[in-house]
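In what follows, a structure is listed as structure tokens, so that the remarks can point back to it.
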Amino acid sequence: MTTLEIRDLHVEVANPDGNGDPISILKGVNLTISSGETHAIMGPNGSGKSTLSYAIAGHPKYTVTSGTITLDGEDVLAMSVDERARAGLFLAMQYPVEVPGVSMSNFLRTAATAVRGEAPKLRHWVKEAKTALGELEIEPSFLERSVNEGFSGGEKKRHEILQLGLLKPKIAILDETDSGLDVDALRIVSEGVNRYKERENGGVLLITHYTRILRYIKPDFVHVFIGGRIVEEGGSELADELDANGYVKFTQAVAGA
Ligand code: ADP
Ligand code: MG
Ligand code: MG
């Protein structure tokens, strides 16, 4: 069993105007995710959800000023981005980067090599990749395209879930995996996440501001995220309440505090 533990996390970014004070974004986040659990973080735009995922992934723009992140007791904040991936953390980005000139096929095999510590045997790899593509209803020609270049929103998201299936992380952080998906793509992507959960008994952190993906991927825990911290926690019934009433009750409580 694996546990990702986030304690009293504070994160800031440099002020975009260059000489102003840094901007504080996360203001004391506490969250524990273990194998087999699905957590949903739900909150309005600008509440700091992506900042949380970047801080876990080790994005250089986001500075942790206090608090801790550990994976089975190991200090994640002391690890490089690559070490985090090797330790079993996976981040699917809200805005995946394009890498012109690098084929998906090479990219995925390189990523698998980095995470597994040795290059997968070519014959096995081709089989493995084809099976994973088939499960996500992706054309085999996808492997010859440049990474994320000219991908539609839906293709980018499928690519993330393809990585999830091939890299088999211990804890997966999926930031807005549902944004820009039509109903069919949402179902295919959700089934991919559910397969990952079943096969790997992985822990999943689903970050979203819509409740619709939670019809396909049932969260065990729902955390309401406002103003850089978790302000309410519950089970999947909390997502239903947000669906019906929105965030108003919580944003007002934060504003009045
Ligand atoms: P969410 O994912 O919940 O929409 P973000 O984490 O993207 O929220 O952003 C939270 C707040 O921090 C926003 O006000 C955003 O403008 C600000 N922010 C995020 N990243 C940066 C950055 N690199 N530079 C300046 N401000 C940022
Ligand atoms: Mg946003
Ligand atoms: Mg975001």
Side-chain angles (χ1 to χ4, degrees), residues 4 6 8-31 33 38-67 69 76-77 81 84 89-98 148 151 153-154 156-157 159-161 163-164 171-181 186 189-190 193 204-214 217 219 221-233 238-239 242-243 245-255 257:
L4 177 72
I6 299 168
D8 199 26
L9 190 71
H10 288 72
V11 172
E12 63 183 30
V13 292
N15 197 309
D17 80 13
N19 37 26
D21 288 335
I23 304 166
S24 152
I25 303 178
L26 299 188
K27 298 162 184 166
V29 176
N30 292 291
L31 186 64
I33 303 169
T38 299
H39 294 250
I41 285 198
M42 307 201 56
N45 248 320
S47 54
K49 305 183 301 298
S50 290
T51 298
L52 175 62
S53 56
Y54 288 134
I56 298 169
H59 192 299
K61 270 199 178 159
Y62 298 82
T63 307
V64 174
T65 53
S66 63
I69 305 178
V76 171
L77 296 175
V81 171
R84 293 178 201 211
L89 288 173
F90 173 87
L91 171 70
M93 299 273 189
Q94 187 173 358
Y95 303 105
V97 282
E98 301 185 0
N148 287 330
F151 283 19
K156 284 183 183 169
K157 299 300 168 184
H159 166 207
E160 291 176 356
I161 305 307
Q163 284 187 52
L164 185 64
I171 305 280
I173 299 153
L174 307 173
D175 190 1
E176 307 268 354
T177 283
D178 46 349
S179 71
L181 296 184
L186 183 64
V189 159
S190 302
V193 175
V204 174
L205 178 60
L206 258 180
I207 298 176
T208 181
H209 58 251
Y210 298 117
T211 53
R212 57 177 201 153
I213 196 171
L214 305 179
I217 304 171
F221 306 94
V222 173
H223 312 269
V224 181
F225 204 84
I226 312 267
R229 58 166 77 93
I230 291 167
V231 299
E232 179 81 335
E233 296 179 296
L238 184 53
L242 290 170
D243 200 21
N245 304 320
Y247 296 112
V248 182
K249 180 176 128 191
F250 300 104
T251 48
Q252 280 173 351
V254 169

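In each ligand, atom 1 is the first atom listed, and ligand 1 is the first ligand listed.
- Close contacts of ligand 1 with Asn45, meaning ligand atoms under 4.0 Å from a residue heavy atom, involve 4 (O).
- Distances between N or O atoms of Gly48 and those of ligand 1 include at least one value under 3.5 Å.
- In summary, Ser50 places an N/O/S atom under 2.8 Å from the Mg ion (ligand 3), meeting the contact criterion.
- Any N or O atom pair closer than 3.5 Å counts here, and Tyr62 shares at least one such pair with ligand 1.
- Atom numbering of ligand 1 starts at 1 in the shown order; those under 4.0 Å from a heavy atom of Ser50 are 1 (P), 2 (O), 6 (O), 7 (O).
- The option with the heavy atom closest to atom 3 (O) of ligand 1, from among Met42, His59, Lys49, His209, is Lys49.
- When non-hydrogen atoms are compared, ligand 1 lies under 4.0 Å from the side chain of Pro16 (C-beta onward) but not from its backbone.
- The Pro44 neighbourhood of ligand 1 comprises atoms 3 (O), with distances under 4.0 Å to a heavy atom of that residue.
- Both the backbone and the side chain of Thr51 come within 4.0 Å of ligand 1, judged by heavy-atom distances.
- Ala55 approaches Val11 most closely through the heavy-atom pair CB-CG2, 3.9 Å.
- At under 3.5 Å, a nitrogen or oxygen of Gly46, whether backbone or side chain, sits near a nitrogen or oxygen of ligand 1.
- Rounding to the nearest 0.5 Å gives a distance of 13.5 Å between CG of Leu52 and CZ of Arg229.
- Between Phe151 and His159, the angle of the ring planes goes over 60°, which puts this pair in the perpendicular group of the 30/60° scheme.
- If you look at Val13 next to ligand 1, the close heavy atoms, those under 4.0 Å, all belong to the side chain.
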